[in-house]
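Numbers restart at 1 for each chain; the letters A, B, ... are given by sequence-line order, proteins then strands.
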Protein chains: 2
Amino acid sequence: MRPLFHPAIEDVRPEAILHALADPNRAAIFAKIMRAGCVEACSALAAVGDRVIPKSSLSNHFKVLREAGLIRSERHGVEVRNSSRWAEVEARFPGLLTGIINAYASDAGADSADATAAGPR
Amino acid sequence: MRPLFHPAIEDVRPEAILHALADPNRAAIFAKIMRAGCVEACSALAAVGDRVIPKSSLSNHFKVLREAGLIRSERHGVEVRNSSRWAEVEARFPGLLTGIINAYASDAGADSADATAAGPR
DNA sequence: TCCAACAGTTCCGAAGTTCCGAACTATGGG
DNA sequence: CCCATAGTTCGGAACTTCGGAACTGTTGGA
């Protein structure tokens, strides 16, 4: 197991963030990590809405979010804790995450992701 | 040739917008349409930075932007004029496009897209 | 009217990406 | 040491993207 690479905040690219959050599952996971007081184990997020996401897909989603610079993951014994890098990303790209999370939230009335009420962190 | 489908603004999904703008070429094209007084022929955008984009790829990029609800395309004789749907999208998802375009613009100092801050309309 | 030039679109194969089950690797407890 | 738990890696099927060649539709000229 490789030691979990995180990009420095100045290496974070907007296209990576958009790509990561263009998947509603990942956007929902990210929104949940933000709202959940900032730390969540991977397995706590296995279900998004009514759909169960297989472990291998989940693992990949976390990798994409991590490498986009959106979350920070640390191994704590047997589990991995994820925290959002909201503040850093917001400082680098002001308004970007807010706009995206609000867009999903305002769309959620119609269907899908439980990304309701985008309170920052 | 099919008659150019545009989604109604209420059918526009955030994931489609993020997906469309997650490609730096498309983001640059969109930024250019916005800044260029709102109407541009496809061929006027064939080169993004120093790279020449093949016609077929361009055609596809426009299709993705159109179907995401970001631009409106109309045939005028032999050419297609594209205008941005900024106002509509901004009304539906406030701050989303602003955040994205600013993110690319503030990243442009480092490289890539010529989406440098607010050109003449 | 016919033809060439032009602006875009469609088609299709190669290359790349994503998804997910199965097998695997750490870590911690008994 | 062995098992359970939490996550990762592998690999193949399904999907997406890219771009060249061939196509369609429009216009202007002979």
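Taking atom CG of residue B/Asn60 and atom C1' of nucleotide D/dT16, one finds them 10 Å apart after rounding to whole Å. Note: NZ (A/Lys63) to P (C/dC20) measures 16 Å, nearest angstrom. Look at CZ on B/Phe62: it is 9 Å from P on C/dT9, rounded to the nearest Å. Between the C1' atom of C/dG8 and the CZ atom of B/Arg75 lies a distance of 7 Å, rounded to the nearest Å. Residue B/Glu79 contributes atom CD, which lies 10 Å from atom P of D/dT27 at whole-angstrom precision. Spacing between atom CG of A/Leu4 and atom P of D/dT8 amounts to 7 Å, rounded to whole angstrom units. One interatomic measurement links the two molecules: CG of A/Asn25 to C1' of C/dT18, which rounds to 12 Å at whole-angstrom precision. What separates CZ of B/Arg81 from P of C/dA7 is a distance of 13 Å, to the nearest Å.
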Donor-acceptor contacts, no H, no angles, side chain residues 57-72 of chain A, under 3.5 Å, sequence neighbours left out:
unit_1, atom_1, unit_2, atom_2, d
A/His61, ND1, A/Arg26, NH1, 3.3
A/Arg66, NE, A/Ser73, OG, 3.2
A/Arg72, NH2, A/Glu88, OE2, 3.2

Please list, pair by pair, any protein nitrogen or oxygen found under 3.5 Å from a nitrogen or oxygen in nucleotides 19-21 of chain D.
unit_1, atom_1, unit_2, atom_2, d
D/dG19, OP1, B/Arg51, NH2, 3.4
D/dG19, OP2, B/Ser57, OG, 3.1
D/dG19, N7, B/Ser56, OG, 3.2
D/dG20, N7, B/Ser56, OG, 3.1
D/dG20, O6, B/Ser56, OG, 3.1

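Closest to the side chain of B/Arg66, out of C/dT9, C/dA7, C/dA26, is C/dT9. Closest to the side chain of A/Val78, from the set D/dT26, C/dT10, C/dA26, is C/dA26. Side-chain proximity of A/His61 to D/dT5, C/dC19, C/dT10: nearest is C/dC19. Minimum atom distance to the side chain of B/Asp23 is reached by D/dC18, of the listed D/dT8, C/dT27, D/dC18.
Contact between the side-chain N/O atoms of B/His19 and the OP1/OP2 oxygens of D/dT17 is found at a separation under 4.0 Å.
For the atom pair CG (B/Asn25) and CD1 (B/Ile53), the distance works out to 4.0 Å, reported to the nearest 0.5 Å. Note that CZ of B/Phe30 is 11.0 Å distant from CG of B/Asn82, once rounded to the nearest 0.5 Å. Atom CG in A/Leu96 sits 9.5 Å away from atom CD1 in A/Ile101 (nearest 0.5 Å).
Mapping A/Val64 and A/His76 onto DNA chain C via the closest heavy atom, the residue that lands nearer the 5' end is A/Val64.
With sequence neighbours excluded, the residues forming a side-chain contact (heavy atoms from CB on, under 4.5 Å) with B/Glu74 are B/His76, listed by chain and number. Partners of B/Ala8 by side-chain contact (heavy atoms from CB on, under 4.5 Å), not counting sequence neighbours, listed by chain and number: B/Glu10, B/Asp11.
Tracing side-chain contacts under 4.5 Å through hydrophobic residues (I, L, V, M, F, W, Y), one never reaches B/Leu4 starting from B/Val78; they form parts of separate clusters.
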